[in-house]
Q: 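Okay, handing you the structure first.
In what follows, chains are A, B, ... by sequence order, proteins preceding strands, each numbered from 1.
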Amino acid sequence: MSTTSSTIINLPDQRTATLPKRNYLNNEHGLLSWLLTGDHKRIAILYLISITFFFFIGGVFAGLIRLELLTPQPDLMASDTYNKMFSMHGIVMIFLFLVPSVPATLGNFLIPIMLGTRDLAFPKINLLSWYLYLAGGTFTLAALIFGGVDTGWTFTTPLSTHYLNTNVVTAATAIFIAGFSSIFTGLNFIVTIHRMRAPGMTWFRMPLFVWAHYAASVLMVLGTPVLAITIVLVALERTIGIGVFDPTKGGDPLLFQHLFWFYSHPAVYIMILPGMGVISEIVSTFSRKRVFGYTAVAFSSVAIALFGFFVWAHHMFIMGVSNYSALVFSLLTMLVAVPSAIKIFNWAFTLQKGSITFETPMLYAFAFFGLFTIGGMTGVFLGALGMDIHLTETYFIVAHFHYVMVGGMLMAFLGGIHFWWPKMTGRMYPESFSKLSAVTSFIGFNLTFMPQFILGYLGMPRRYHAYPAEYQVLNVLSTAGATVLGVGFLLPLLYLTWSLRYGAIAGNNPWQATGLEWQIQSPPLTENFIETPIVDHEAYDYEWLAHKTQQEVTTVG
Amino acid sequence: MSDAYHDPSNVTNPEHADHHIVTPLQYCMVFGALLIGTLVTVLAADIDLGVLNPVIALGIACTKAVIVILFFMHVKYQSKLIKMTVGAGFFTFIVLITMTLSDYMSRAWGLW
Amino acid sequence: MDNAVVVTHPHTHETAVHEEHHHVALPQHRHHFETEEQQREAGTFGMWLFLLTEIMFFGGLFFAYLLYRNWYYDAFVSASNQLNVTLGAINTVILIGSGFFMALGVWAAEVRKRSLLVLFLVLTTVLGFAFLGIKYVEYHEKWEKHHIPGEHFDISEFVNPPIDAKTGKASEKPLAPDMAQKTQVFFSLYFAMTGMHAVHMIIGIVLLFWLTWRAYYGEFSSGYVAPIENFGLYWHFVDIVWLFLFPLLYLINRHPLK
Amino acid sequence: MHISPVLWQFLVKWLHASALFPSEASTIAPYTDALYFFLLTITAVGMVIVGILVFGFSIRYRKERHPVAIQVEGSTLLEATWTIIPLALFLVVFVWGALLYFRIYNPPVNSMNIYVVGKQWMWKAEHPGGQHEINALHVPMGRPVQLTMISQDVFHSFSIPDFRVKREVIPGRYTTVWFEATTPGTYHIFCTQYCGTKHSEMIGEVTVLTPDDYQRWTQGSTSGMSLAQNGERLFASMGCNSCHSGNAAARGPNLAGVYGSKLQLANGSEVLVNEAYLRDAILNPSQHVTAGFAPIMPTYQGQVSEDGLIDLVEYIKGLQTNYRVQQTLTTSQSNQVAPTTPGMVKP
Ligand code: HEA
Ligand code: HEA
Ligand code: CUA
Ligand SMILES: [Cu+2]
């Protein structure tokens, strides 16, 4: 293999290679051994299956939304049905897909290995959190089956408490339970990161993936309970009629908004930070370089988490918050945007003087750069007070958050899945297909959501079942894009499943990456490490890796 | 007893603290202090002190809470990490209160 | 390459010591922790993180209280005076006592005294039940007086306070009807806050039964105190919430007629 | 904005004609658009920079050309650069955005007032002259119009994209927004806050008329009774005048001239009487008792509709003297000059 070939993929000789005889997948057999497992890797797989399921459920809702919006008239479904569609789409996608996406799958799988330990601090709580997630999912499905819920994912009072007769309480219960699942995941991560690092694994030797998860976990632990109590109050207000948010009883509906966004703003960083962690790993690996400005990237994660708690009222600028406090929140919103910019530039400079190859995960990372920058910068539009007046509650918002959530986090998630798939399953997927799907989803994505920015500035309100005819052209473009996007997301499901059986054997370290997880067998042993590793090098130390490989070659060969 | 299981890699770890046993005598004193605090709260509420009434009530409640946290919950003898964790919780709570109040207070200042 | 861990480094002095202790493990030691102590500290830390979430959980309620108390002060005073301070104070003492026994229970476990531990846990439970019993009495009274928020909420008592038989004066400052309506906000918060607190108590009592059971069979008298200790943290936290609820809900202003 | 007006016109017209851009039909619109174009520019510049970096490095340092990576630690200087430059840009955006916000939510002194009541799922506009409109709004061109809005049920949001204005319509509280239309025509009114089943049908049209046309419209569509006249009837039929007669011996304060004055309250604080205060004084009288009076006024919660309240408020606003009620003394507080627009502390 010549050093100048355009790929770094380094698979073992397929004729002789086999999967390791003993690994976490075949360690024990039977359904129960999965359902009662304490192994963080198995729980990660359980999570992966369940969030994929819910992603496609949410995706079907998205497809129906887009189909309805193909024409200006309300022709496909009734208004109520449409309202249920986007509510369920939002609830499923946010609480059952995006919040647990990277942390509960990749984070669960990798954090203990990256830290050089055998498991998360509390394996049982980890399992519990998956069951809570399932319970939350079940309640959501129940709400769906018993007639749906049409509050929007934001549950605005007094609409949700007094004016709707759908399954608000069921959905509220679902979110309450799913919230605790997220709290327990975060709690487990924090304890593990503080208390379980292998000898020599100092804070500044940790991979940036772990830093990002640490920051996100803090948000999960401190933010989610506020959502929990808010949702409890909504449920109580609906059922027995207490009057905390009800204006006719003297309550203040804006209080609900404050409490809701106190969680839900930090939640958007729960959704993006783990994705940023993934990007750090990918960019470093495929440019063969240490992440530029490691400390800056690490601290910017923490800064995002910290500042993230101070900006929630930017979702309420026109809702009647005091103008003075709107000023303060707008200013702080500008500050919270800076650390994200820092990260983008640091990743870009990581490429400098690297030796760059373009495998699938790297393509997803590139998609992330472009889409997250657009999404983030449009967030700055919204943070500017006067600008927000025109843009809020229009499709501009919809486009903004899909750019950060789908273009940012979902791309990062897919990048991460493709990156660690060989580690998780021991097998490679067909590169040509995966590259195709990365490109397809990038194109489809832009086609879907770019027109929505224009629609938003034209004034098309969100959550509209029917719209004035002049907006149709752009909506048709968007729907067309969604179809392409759907294909782009369906493809990985197919070839990844295919690869489980037929994929090439990946070997320990197909990407020749430096992370601890790449130094053990793939798929790993149940106990990860046979003996606790001692860490004497920083993360992304390619010289250490080269040295090590050389030694192996000399000892083995 | 903690020595037997001492992990040397923990020595450099600032998150480490020795296990400390609080004696029943200390618990009794705390118990007494809490009872007195309760009594004072009830008595103070019956005296008209104007704005000072809630201040005193909350002051006593906070003192009681701090005593419970320090002794019943052993935070006084815990590692820095635990102390900071407790602090972080109250910090976030204060953020919630002050930032939200900033809205409610300045609403009365009129439109601009 | 075989499938073994390939992080191969010369063993430092540190590891040598470290490995020496590796096999020192009690039965409850979980395999993925290096040492007993690491496990204990992780447990305590995890428990505290959980309590952080509890702080924020109740935090939302406390903020709502703060806001409405400032908006509807008169209603809050009148409504608060409907609560029974004696019962509230007794409950405070009961809860403090229960916390005290819990603390002693932790001590008993630490010094490995099984029967004392069981005794203290039982006392803790008994006082917990006492608290809930009194709470039930109070709730029941609210029910009878139609002070439960919702459809049947009744404000007449606040608009026309009953005449005190002894003094012949109204026992309470009458509220204007619009302000009297706002007592419902107070009772909403009262039930939400004390209700959430009571739910926490009930969960705690269930856990207490389980712990007592295990303590009885001597699980916690051999140096394995973590479950007792961590449960203690939870129980004390629930106490602390009450320490704030009592003055905030019962003692807003006890002297409106002076 | 400092681009040449001709260029601006060209740009905007061109974009509008290709259906990519809303028309600029109010005095606010160019200001909003200016900020929008500025933001678009910095986004584009940012994208270009990020693009050049990412693609430039990818091409220059791809493995074929650069087989061995050279490790670089980082650079404090660069780090500072990309902290400070975005921060500075964002702060400019903040200041600009805040100024725009002031402009949009701070009505000029001489604006005319129209009431808007939102309910599931329609907009009711009530002109002071008594014209009522549903899902429609007629306004004159070239005159600042202020909307005082309230919702009867849930949150709604009143939005006119072509004017670049929008404001949440809240239950239990007046909110205001203002605009000055510049081009005659009809424009969309949207409810942009999700409000239940027919949220997307809570739409209407605002018609901008030339001053002459507007004159004609007002005369042609009046129902005969102005809001204030309706209010006067209510004031009598609900028995308000039994206490607010203006007599020296009356149990309630004299309401002539209260609007716009600063009122001394029994608890020592001082409030400015605007529409919101008047509304609240009728619904929650005991929460702000005027100094020198007993809290005897009953609450009218649940007895007057929002429309009735608007009539009453409009009536009380117009009471400059007690000529109509009874000519007597005015309260001592009312000798301050009332500004013509509500809620205005500074012009
Ligand atoms: C993953 C989720 C996610 C993320 C990361 C963000 C990130 C940001 N968001 Fe977003 N947001 C949402 C999800 C997210 N948002 C959702 C779901 C909603 C709608 C909720 C609803 O109502 O349903 C929303 C709504 C929303 C609003 C409310 C709009 C409204 O309702 O009126 C605002 C307002 O300030 C906002 C702002 C921001 C800002 C400033 C950021 C910043 O963090 C972005 C920072 C990033 C960058 C700035 C990009 C990188 C910068 C560069 C590369 C520099 C470029 C170079 C130069 C300038 C030279 N968002
Ligand atoms: C993680 C979060 C997430 C994700 C991934 C998505 C993904 C998508 N979303 Fe969604 N969206 C939200 C979060 C998310 N969304 C939220 C929070 C709201 C606000 C809700 C509210 O207002 O309360 C929202 C609202 C929202 C709206 C606005 C509705 C309205 O306001 O009226 C629209 C409209 O276009 C939309 C579209 C899409 C599309 C096309 C995708 C696509 O990316 C989805 C692509 C995936 C698939 C299509 C599934 C996989 C493919 C198949 C199963 C093949 C078969 C399907 C087809 C051929 C169609 N979303
Ligand atoms: Cu009214 Cu939407
Ligand atoms: Cu936000």
Q: Using non-hydrogen atoms and a 4.5 Å limit, figure out which bit of C:Val106 sits close to chain B: side chain, backbone, both or neither.
A: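 Contact with chain B involves the side chain of C:Val106 alone.
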Q: Under a 4.5 Å cutoff for heavy-atom pairs, which residue among B:Val30, B:Leu35, B:Leu39, B:Thr23 has the most contacts with chain C?
A: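 If we count pairs closer than 4.5 Å to chain C, B:Leu35 comes out on top.
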Q: Counting heavy-atom pairs under 4.5 Å to chain C, which of B:Cys62, B:Gly37, B:Ala88, B:Ala61 comes out on top?
A: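 Highest number of pairs under 4.5 Å: B:Ala61.
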Q: Tell me the closest heavy-atom pair linking C:Ile240 and B:Ala65, and the distance in Å.
A: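 So the two residues come closest at CG2-CB, 3.7 Å.
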Q: Considering only heavy atoms, which portion of C:Phe237 lies under 4.5 Å from any heavy atom of chain B: side chain, backbone, both, or neither?
A: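 Backbone plus side chain of C:Phe237, per the 4.5 Å heavy-atom cut-off to chain B.
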Q: Should C:Leu248 and B:Leu58 count as side-chain neighbours, where that means a heavy-atom distance under 4.5 Å?
A: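 Yes, close enough: below the 4.5 Å cut-off.
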Q: Does some side-chain heavy atom of C:Thr92 sit less than 4.5 Å from a side-chain heavy atom of B:Val42?
A: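 In short, these two side chains do not touch, never coming nearer than 4.5 Å.
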Q: Should B:Thr100 and C:Leu67 be marked as a side chain to side chain contact (heavy atoms under 4.5 Å, CB included) after you check the CA-CA gap, both sets of side-chain angles, and the distance that decides it?
A: CA-CA 10 Å; B:Thr100 318; C:Leu67 177 68; over 6 Å; no
Q: Report which part of B:Ile82 has an atom under 4.5 Å of a heavy atom belonging to chain C: side chain, backbone, both, or neither.
A: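 Contact with chain C involves the side chain of B:Ile82 alone.
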Q: Please round to the nearest 0.5 Å and tell me the distance separating atom CG of C:Leu51 and atom CE of B:Met73.
A: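 C:Leu51 atom CG to B:Met73 atom CE measures 5.0 Å (nearest 0.5 Å).
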Q: With a 4.5 angstrom heavy-atom cut-off, which part of C:Thr53 approaches chain B: side chain, backbone, both or neither?
A: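 No part of it gets close to chain B.
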Q: Of the non-hydrogen atoms in B:Phe72 and C:Ala103, which two are nearest, and what is the gap between them?
A: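 Result for this residue pair: CD1-CB, 3.7 Å.
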Q: Check whether B:Tyr104 gets within reach of chain C through its side chain, its backbone, both or neither, counting any heavy atom under 4.5 Å.
A: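 For B:Tyr104, the side chain is the part near chain C, not the backbone.
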Q: Does any heavy atom of chain B fall under 4.5 Å from the side chain of C:Phe246, the backbone, both, or neither of them?
A: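 When you check distances to chain B, only side chain atoms of C:Phe246 fall under 4.5 Å.
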Q: Can you give me the closest heavy-atom contact between C:Met56 and B:Gly89, atom names plus distance?
A: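 Answer, listing the atom of C:Met56 first, then B:Gly89: SD-O, 4.1 Å.
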Q: Should C:Glu41 and B:Leu81 count as side-chain neighbours, where that means a heavy-atom distance under 4.5 Å?
A: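 The answer is no, as the side chains (C-beta and beyond) never meet within the 4.5 Å cut-off.
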Q: Does any heavy atom of chain B fall under 4.5 Å from the side chain of C:Trp235, the backbone, both, or neither of them?
A: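 Contact with chain B is absent: no heavy atom of C:Trp235 under 4.5 Å.
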Q: Side chain, backbone, both or neither: which part of C:Ile96 has a non-hydrogen atom closer than 4.5 Å to chain B?
A: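 Contact with chain B is through both the backbone and side chain of C:Ile96.
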Q: Measure the shortest side-chain to side-chain distance between B:Val86 and C:Trp48 over non-hydrogen atoms and say whether it is less than 4.5 angstrom.
A: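 A side-chain contact under 4.5 Å exists here.
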